[in-house]
2 protein chains.
Amino acid sequence: MRIGELARQSGCGVETIRYYEREGLLPAPARSAANYRQYGERHAERLAFIRHCRALDMTLEEIRTLLAYHDHPERPCHEVNGLIDAHLAHVAARIRQLQALETALVTLRARCNGESEAEACGILRELSRPLGEDELPDPGEGAHLPGAHG
Amino acid sequence: MRIGELARQSGCGVETIRYYEREGLLPAPARSAANYRQYGERHAERLAFIRHCRALDMTLEEIRTLLAYHDHPERPCHEVNGLIDAHLAHVAARIRQLQALETALVTLRARCNGESEAEACGILRELSRPLGEDELPDPGEGAHLPGAHG
DNA sequence: CCTTGACCCTGTAGTGGCTACAGGGTGTGT
DNA sequence: ACACACCCTGTAGCCACTACAGGGTCAAGG
């Protein structure tokens with residue numbers, strides 16, 4: 001199987017697959033006479049594993065750790081559990097942050113009906129107010145999960 | 001006021017302020033004889049506006065739009081409302097995504113008590129399963145808000 | 001006067017996880 | 001013979017910073 005077919009099968013881009021290879025997540029496959037990458041079922045499975053983890057928003061570093069267990073089936077797996085728990089905590093923290101954000105935005109939105117000039121707009125007024133201590137984003141809790149933009 | 005004091009006052013780093021200047025969000029201030037940036041109250045207010053928006057997880061591009069209204073108080077402000085609504089929709093979409101993720105992770109986590117070898121670990125087994133159609137991340141809905149890692 | 005140390009300057013490179021070229025080669029169908 | 005889809009490598013861009021390197025400035029203390 002060539003890279004294009006693997007990309008279609010896995011639902012990710014050709015360039016992404018090459019990127020995973022550069023990053024050491026996918027082993028370098030054999031090459032055809034024309035220097036085309038030739039993938040087998042093992043590669044497809046490993047890529048599925050990676051995509052599954054990415055769909056759960058894990059970092060490539062976390063995935064590297066999980067792949068190490070995948071590759072060493074004799075090891076005890078409790079660290080796997082710890083990794084998932086930690087990731088779950090990150091996700092939960094990010095959800096709480098975004099919900100606080102949502103509340104703040106709803107409050108902000110209610111300050112203007114859109115019929116004023118910018119001068120009088122309650123939203124712009126509110127945004128000009130300096131931030132209070134409690135409104136600063138908490139850098140500790142959500143560490144390593146991105147914000148609202150994907 | 002020099003850049004360090006402005007940084008302390010606004011709660012962001014010195015380098016971030018210089019970055020906002022490069023990006024055109026903050027106007028270039030006057031310089032002292034020693035070529036130090038000299039800020040006044042106007043700069044502090046504008047930076048507070050920017051930090052307030054960033055605390056609400058808006059992009060610099062969105063902030064640029066809002067600043068344009070800030071700078072032209074005679075304009076009608078309904079576009080401001082639209083921007084906030086759109087941003088709110090992004091945040092709400094991201095929350096839904098992360099909640100789905102959380103559910104998936106909780107399910108995954110329940111598959112192993114951490115006492116197996118990796119070979120038998122239900123988590124690793126589950127991750128090796130190819131993704132179903134419905135498990136693919138939806139690239140449309142959450143566009144422009146980041147995922148779980150910050 | 002000299003040193004220490006905090007602050008400031010510019011410019012460049014790195015982060016993560018891709019994505020998008022440029023500039024070339026290969027393989028298949030008509 | 002040609003078009004066109006596919007493949008290759010390598011590099012640069014995305015966002016919002018962050019972290020240097022390598023230098024200049026300034027006030028306090030000895």
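Protein chains get the first letters and strands the later ones, always in sequence-line order, with residue 1 at the start of each.
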Whole-Å gap separating [atom2] ([N]) and [atom1] ([X]):
X: B/L6; N: C/dC9; atom1: CG; atom2: C1'; value: 16 Å
X: B/Q38; N: C/dC7; atom1: CD; atom2: C1'; value: 14 Å
X: B/Y36; N: C/dC8; atom1: OH; atom2: C1'; value: 4 Å
X: A/E5; N: C/dG27; atom1: CD; atom2: P; value: 17 Å
X: A/I3; N: D/dA5; atom1: CD1; atom2: C1'; value: 15 Å
X: A/R2; N: D/dC8; atom1: CZ; atom2: C1'; value: 12 Å

Salt bridge or not for [X] and [Y], using N-O below 4.0 Å?
X: B/E5; Y: B/R2; result: no
X: A/E21; Y: A/R18; result: no
X: A/D71; Y: A/R64; result: no

The reported gap from CZ in B/R54 to CG in B/L25 (rounded to nearest 0.5 angstrom) is 10.0 Å

So CD of B/Q38 and CE of B/M1: to nearest 0.5 Å the spacing works out to 10.5 Å

To the nearest 10 degrees, the angle between the two end axes of the helix from C/dC1-D/dG30 to C/dT30-D/dA1 (five pairs per end) comes to 30°

Discussion item. Pairing donors with acceptors under 3.5 angstrom, does anything connect the side chains of A/R46 and A/Y39?
Written reply: no

Heavy-atom nearest pair, A/I63 first then A/C53, reads CG1-CB, 3.5 Å

A/A34 has its side chain closest, among D/dC6, C/dC7, C/dG27, to C/dG27

Considering only distance and modelled atom types, tabulate donor-acceptor pairs under 3.5 Å from the side chains of residues 98-113 of chain B, sequence neighbours left out.
from: B/T103; atom 1: OG1; to: B/Q99; atom 2: O; distance (Å): 3.0
from: B/T107; atom 1: OG1; to: B/T103; atom 2: O; distance (Å): 2.9
from: B/R109; atom 1: NE; to: A/D85; atom 2: OD1; distance (Å): 2.6
from: B/R109; atom 1: NE; to: A/D85; atom 2: OD2; distance (Å): 3.2
from: B/R109; atom 1: NH1; to: A/N81; atom 2: OD1; distance (Å): 2.7
from: B/R109; atom 1: NH1; to: B/C112; atom 2: O; distance (Å): 3.0
from: B/R109; atom 1: NH2; to: A/D85; atom 2: OD2; distance (Å): 3.2
from: B/R111; atom 1: NE; to: B/E126; atom 2: OE1; distance (Å): 3.4
from: B/N113; atom 1: OD1; to: B/E115; atom 2: N; distance (Å): 3.0

Scoring nucleotides 9-21 of chain D by protein non-hydrogen atoms under 4.0 Å (B base, S sugar-phosphate only, - none) yields B------BBBBB-

